[in-house]
Amino acid sequence: MAKAKTEKKTKELNEETKFAEKDFLMSYMPFLIIITFVIIIRWFVATPVRVNGSSMSPTLKNGDTMLLYKLTKKTRGIRRFDIVVIQTDSGKLIKRVIALPGEKIKYVIEKGEKDEMMGVLYINGEKVEESFLTEETKINTCREIWEKDYNICNTEKTLFEGESYEVEVPKNSYYVMGDNRFNSKDSRMIGFIEDKGILGTTEIILFPFSRTGKAK
């Protein structure tokens, strides 16, 4: 009799334990689902990325936290003037796409409205306006002198002499530059960026809240 009571009690305890474990799992299931969903989103769709340095100033500021879209290349492709996050040997960089695969790019130093000598973008021989740049930045585009392999700046003299510094972007590659042309490590120094080196596009500033919104 005592043995039967003991077995019954043990069975009841086991059932209570099973119910307790089930309740525990059920209570934490929503959190597990949320965590799994966040991991999937961050890995495949979007993730925060931080701006380091002033190479994209004034469009982006040092310390801005942005949202990196990872599916852009598959959904619509990379377009001219997209802001992209690229992976380099020295880490992640945020730059702007200037020229697309197969395009020929050069800058011609021309006079502005106030007679300033500034670099004007030409793609496949046609002038392209960079409305996101300040007048000072346009002046700085060709202020530095780079290695000949990466030089894309032409003066009236070089053009008159029949010498044109123009580069053709290889297949599956892009030419990128920072908006702060006086202080940006970009394709003028490191060359073309292969498609696989582009992690995605970014245009939404998440933080600080005073700058939250689409980058202009």
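Computed from a predicted model, the values in this text were never measured in an experiment.
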## Note on the structure
Across all chains, not counting sequence neighbours, the side-chain hydrogen bond (donor to acceptor under 3.5 Å, both in side chains) partners of Thr212 are none
### Message
Are the side chains of Tyr174 and Pro101 in contact, using a 4.5 Å heavy-atom criterion?
### Response
yes
### Query
Do Val167 and Phe192 come within less than 4.5 Å of each other through their side chains, counting heavy atoms only?
yes
#### Entry: Test side chain to side chain contact (heavy atoms under 4.5 Å, CB included) applied to Met118 and Thr141, step by step
CA-CA 7 Å; Met118 59 182 63; Thr141 296; over 6 Å; no
### Task
I would like to know whether Thr134 and Thr137 meet side-chain hydrogen bond (donor to acceptor under 3.5 Å, both in side chains); could you show each step before the answer?
CA-CA 5 Å; Thr134 63; Thr137 301; 2.8 Å; yes
### Query
Of the options Lys185, Arg96, Arg181, Lys95, which is the one that meets Ser55 in a side chain to side chain donor-acceptor pair (under 3.5 Å)?
Lys95
### Query
Quick one: does Glu126's side chain have a donor or acceptor within less than 3.5 Å of a partner on Ile123's backbone?
no
### Query
Passes side chain to side chain contact (heavy atoms under 4.5 Å, CB included), Ile83 versus Glu203? Steps please.
CA-CA 6 Å; Ile83 299 176; Glu203 61 177 359; 5.6 Å; no
### Query
Within the distance-only criterion (no hydrogens, no angle test), does the side chain of Lys61 pair as donor or acceptor with the backbone N or O of Gly53 below 3.5 angstrom?
no
### Connected via hydrophobic side-chain network under 4.5 Å: Met189 and Val176
yes
### Message
Rounded at 0.5 Å granularity, tell me how far CG in Asn172 sits from CD1 in Ile193.
### Response
13.5 Å
### Message
Just verifying a value: how many Å separate Arg50 CZ and Leu206 CG, rounded to the nearest 0.5 Å?
### Response
12.0 Å
### Message
Let me confirm one number: the NZ-CE distance from Lys214 to Met66, rounded to the nearest 0.5 Å.
### Response
11.0 Å
#### Entry: Distance, nearest 0.5 Å, that separates CD of Gln87 from NZ of Lys92
4.5 Å
#### Entry: Under 3.5 Å: donor-acceptor pair, side chain of Asp82, backbone of Val97
no
#### Entry: Ile98 side chain reached by Leu121 side chain, heavy atoms, under 4.5 Å
yes
### Task
With the side chain counted from C-beta on, respond yes when Leu60 and Thr202 share a heavy-atom pair under 4.5 Å apart, and no when they do not.
no
### Summary
Between Ser54 and Asn180, the two heavy atoms sitting closest are O-ND2, 3.0 Å
### Query
In terms of hydrophobic clusters joined by side-chain contacts under 4.5 Å, are Phe81 and Val169 together?
yes
#### Entry: Approximate separation, where rounding is to 0.5 Å, of Thr201 OG1 and Ile78 CD1
6.0 Å
### Query
At what distance, to the nearest 0.5 angstrom, does CG of Asp186 lie from OH of Tyr175?
6.5 Å
### Query
Would Tyr107 and Tyr122 count as a close aromatic pair, with their ring centres under 6.0 Å?
no
### Query
Looking only at heavy atoms, what is the nearest atom pair of Leu93 and Thr88, with distance?
CD1-CG2, 3.8 Å
### Query
How about Glu194: does its CD atom have over 12 heavy atoms from other parts shown lying under 6.0 Å from it?
no
### Task
With the side chain counted from C-beta on, respond yes when Ser57 and Asn183 share a heavy-atom pair under 4.5 Å apart, and no when they do not.
no
### Task
Answer yes or no: are there more than 12 heavy-atom neighbours, outside Lys73 itself, under 6.0 Å from its atom NZ?
yes
### Task
Report yes or no: does Ser187 contribute a side-chain atom to a donor-acceptor pair with the main-chain N or O of Gly191 at less than 3.5 Å?
yes
### Message
Do Ile139 and Met117 make a side-chain contact, defined as non-hydrogen atoms from C-beta onward lying under 4.5 Å apart?
### Response
no
### Task
Under the salt bridge (charged side-chain N to carboxylate O under 4.0 Å, His left out) rule, what do Glu110 and Lys138 come out as? Steps first, then yes or no, please.
CA-CA 10 Å; Glu110 301 176 354; Lys138 291 178 181 179; over 6 Å; no
### Query
Are Phe207 and Ile204 connected in a single hydrophobic cluster, I mean Ile/Leu/Val/Met/Phe/Trp/Tyr linked by side-chain heavy atoms less than 4.5 Å apart?
no
### Summary
Smallest heavy-atom separation, Thr65 atom then Pro48 atom, equals CG2-CB, 4.2 Å
### Task
Compute whether any side-chain donor of one residue and acceptor of the other, for Thr59 and Asp179, lie under 3.5 angstrom apart.
yes
